[in-house]
2 protein chains.
Amino acid sequence: MGVTLADVARRAQTSTAVVSYVINNGPRPVAAATRERVLQAIAELGYRPDRVARALRAKRSGVIGVLLPDTANPFFASLGQAIEAAAFDAGRLVVVGNSGFDPDREEAYLHAFLDSRVEGLVVVSARHSPRALDALASAPVPAVYVHHAPPDTLSAVVLADNDGGGRLATTHLLDHGHENVAVLAGPDDAGPVGARVAGWRRALAERGVPEHRRVRSRSAFTRAGGHASMRRLLEHKARPTAVFAATDELAVGALHAVAEAGLRVPDDIALVGFDGVPETAFTNPSLTTIGVPAERMARSAIAGLDRAWQGHERPGGEEILPVSLIQRASCGCESPTSR
Amino acid sequence: MGVTLADVARRAQTSTAVVSYVINNGPRPVAAATRERVLQAIAELGYRPDRVARALRAKRSGVIGVLLPDTANPFFASLGQAIEAAAFDAGRLVVVGNSGFDPDREEAYLHAFLDSRVEGLVVVSARHSPRALDALASAPVPAVYVHHAPPDTLSAVVLADNDGGGRLATTHLLDHGHENVAVLAGPDDAGPVGARVAGWRRALAERGVPEHRRVRSRSAFTRAGGHASMRRLLEHKARPTAVFAATDELAVGALHAVAEAGLRVPDDIALVGFDGVPETAFTNPSLTTIGVPAERMARSAIAGLDRAWQGHERPGGEEILPVSLIQRASCGCESPTSR
DNA sequence: CTGAAAGCGCTTACAG
DNA sequence: CTGAAAGCGCTTACAG
């Protein structure tokens, strides 16, 4: 403990500069014999470079700040885990913050990250607070938005094809013979879920379902919200036969509400979710859902940061990754008792 | 951007020492008028202290390293989120690492954390690799083990009452009139789940269920594992009427297997899980489970670190937090269609 | 109460 | 190929 570069230099009978050169493989060459001595001294002393000192001097901390709404939510948990793994594989550590969808907290984390001299930022948010955006716009390090982006950012953006997914889910349900598909959405049409709802609307329009017959039920983005929202739909005079839940959380709550009402999925009501979180493979019945490529998004985000560090001054650009239909029982594709 | 302490000092017409004193409220007093000038200069320049420089000089980085097995798992996700929140409330940032249950990776993160001069460590692991333990034992900063601890560590330890919970779950099922309770466990009896299984064994012993009638099915700690494991139990000649799943993940998989077999929970098979993850409130039927106080554990962990920093040289001690029975439908307590 | 100066552990021109 | 030295932005004895 407490072994410094100077200790290594002393033992290897050379200067701290040379020790630094061998540790970092540069920027100057080192004679093979000298390098050998240094390596040996490092091993003998069990020397490990102090990343804080390195960060101060070289202005590269090797850490990425990751802002997420709430990693207790399965979708953000998967995304967060994937981002952390991708960062580690790229030799970076992540410092994470859960904003809890709170703008003040979001801003507080952003400042804390920046004060800690993170080298880059990955921002996952369902909605952006103006203040957080200001902090980001003037940040001295590259940022990439994942899952959702503010209107005209200059930063790189990695999105899932939410609109396409909404259309895919809805169309799939219509293809099962349903004449209409209701949607379980969030409190408003902002963010990624807004795009999913837009895709739903587009699919209905394409199939000629008139405006006034497009049923939308709103709630918070939680299982409890989906539960309450579906319940309302069930009490609706014209109970829908098919429902598109704009997130898996909503879908899981909806599944529960249907069972509670003594009805069956997919026989009485067919259901499709969105996100492709792991638990959907094991709900009863298993949930058909739109798979969001969380791992790919994570890798893209880290790659975007890498590009920015590499000096490509326009790291920006919007990447929209394809989603996929994961066919399981809740839509009517499989017998409800099989997985 | 790039405003330093020296800039502030210049503008406030004082020394960097004084600026530091006002920022940190000490360790020397500052005249009110001077303080005012400094505060004003800070505001005018938009100065923000560089935490990296501070960390190097003061040897306090303000960041905590958090090692977790896998935050894509709902239980660890909840725990991780709670730890992050508790740390932030205590003015600390967390750097997190997912070991993926891999000892090499666990060790790599620990070293990376230490190299980054974290001020403390929170280690959540279902099993400890010898190398990780070595790294921890010689770490120059306090660590606290959460969820599971190595045999005779000197560090603080925060556990849930796993043994008591296993007994509680099993007893509850027996109280419902079942004569025996099978257990869905992990690949071996190590770690927290080992204690849960021990509690199950103890409960059965207390009620006189003989050794040879105690059925245990093993699998990986995943939903798929629980699914396969329960499937095996269903094919068993003496199919159990009650099952204790040692984690909620196993329970969710088991629930799915029972539905798939065309049987009903709790009528044909009663089931109790363990962990109290959020999704269990919305499974079909809803899952009775043993609630683990993740938030309380998180706060205890941060408090343990605080105690160590405060200089209480023996931060150690084992804290065992009580678990609770969350009664829902799967055990037979509620009608299966209600929540 | 205030300031000049050393120093945390590195990296990096610069000179040789 | 190697080394002496400056300096990253702070905090903290130390002297006044």
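Naming convention: chains lettered A, B, ... in sequence-line order (proteins, then strands); numbering from 1 in each chain. Reckoned from all heavy atoms, side chains included, excluding hydrogens, waters and symmetry mates.
- Neither OP1 nor OP2 of D:dT11 sits under 4.0 Å from any side-chain N or O of B:T16.
- Contact annotation for A:A17: base contact, defined as any heavy-atom pair under 4.0 Å involving a base atom.
- What separates OH of B:Y21 from P of C:dT2 is a distance of 10 Å, to the nearest Å.
- Under the Watson-Crick or G-U wobble criterion, with both distances below 3.5 Å, D:dA4 has no partner in any strand shown.
- Distance CZ (A:R54) to C1' (C:dG9): 11 Å, rounded to an integer number of Å.
- Taking atom CG of B:L5 as the reference point, atom P of C:dG7 lies 19 Å away to the nearest angstrom.
- Counting to the nearest Å, the C1' atom of C:dG9 and the CG atom of A:N24 are 13 Å from each other.
- Within the 4.0 angstrom heavy-atom criterion, only backbone atoms of the sugar-phosphate kind lie near A:T4; the bases stay farther away.
- As rounded to whole Å, 13 Å separates atom P of C:dC8 from atom CG of A:L56.
- The side chain to side chain contact (heavy atoms under 4.5 Å, CB included) with A:L5 is formed by just one residue from the set A:I42, A:D50, A:I23; it is A:I23.
- For A:Q13, the CD atom is loosely surrounded, since the number of other residues' heavy atoms within 6.0 Å does not exceed 12.
- Distance B:R117 CZ to C:dC10 C1': 11 Å, rounded to the nearest Å.
- Picking from C:dC1, C:dT12, C:dC10 the nucleotide with the shortest atom distance to the side chain of A:A53 gives C:dC10.
- Under 4.0 angstrom from either OP1 or OP2 of D:dG3 there lies at least one side-chain N or O belonging to A:T14.
- Following rounding to the nearest Å, B:R28 (CZ) and D:dG16 (P) show an atom-to-atom distance of 16 Å.
- B:T34 has a side-chain polar atom (N or O) that falls below the 4.0 Å cut-off from OP1 or OP2 of C:dT2.
- Base pairing of D:dA13 is not made with any nucleotide, judged by Watson-Crick or G-U wobble geometry with both donor-acceptor distances under 3.5 Å.
- Ring-plane geometry between A:H128 and A:H148 is classed as parallel, the angle between the planes falling under 30 degrees on a 0 to 90 degree scale with a further cut at 60.
- Among the nucleotides D:dG3, D:dT12, D:dC8, the one closest to the side chain of A:R57 is D:dC8.
- No more than 12 heavy-atom neighbours from other residues, nucleotides or ligands sit within 6.0 angstrom of CD on B:E295.
- For B:K59, the listed nucleotide lying nearest its side chain is C:dC8; candidates were D:dC1, D:dC10, C:dC8.
- No side-chain donor-acceptor contact under 3.5 Å links B:S129 and B:E107.
- Remark: C1' of C:dC10 and CD1 of A:I23 are 9 Å apart, rounded to the nearest angstrom.
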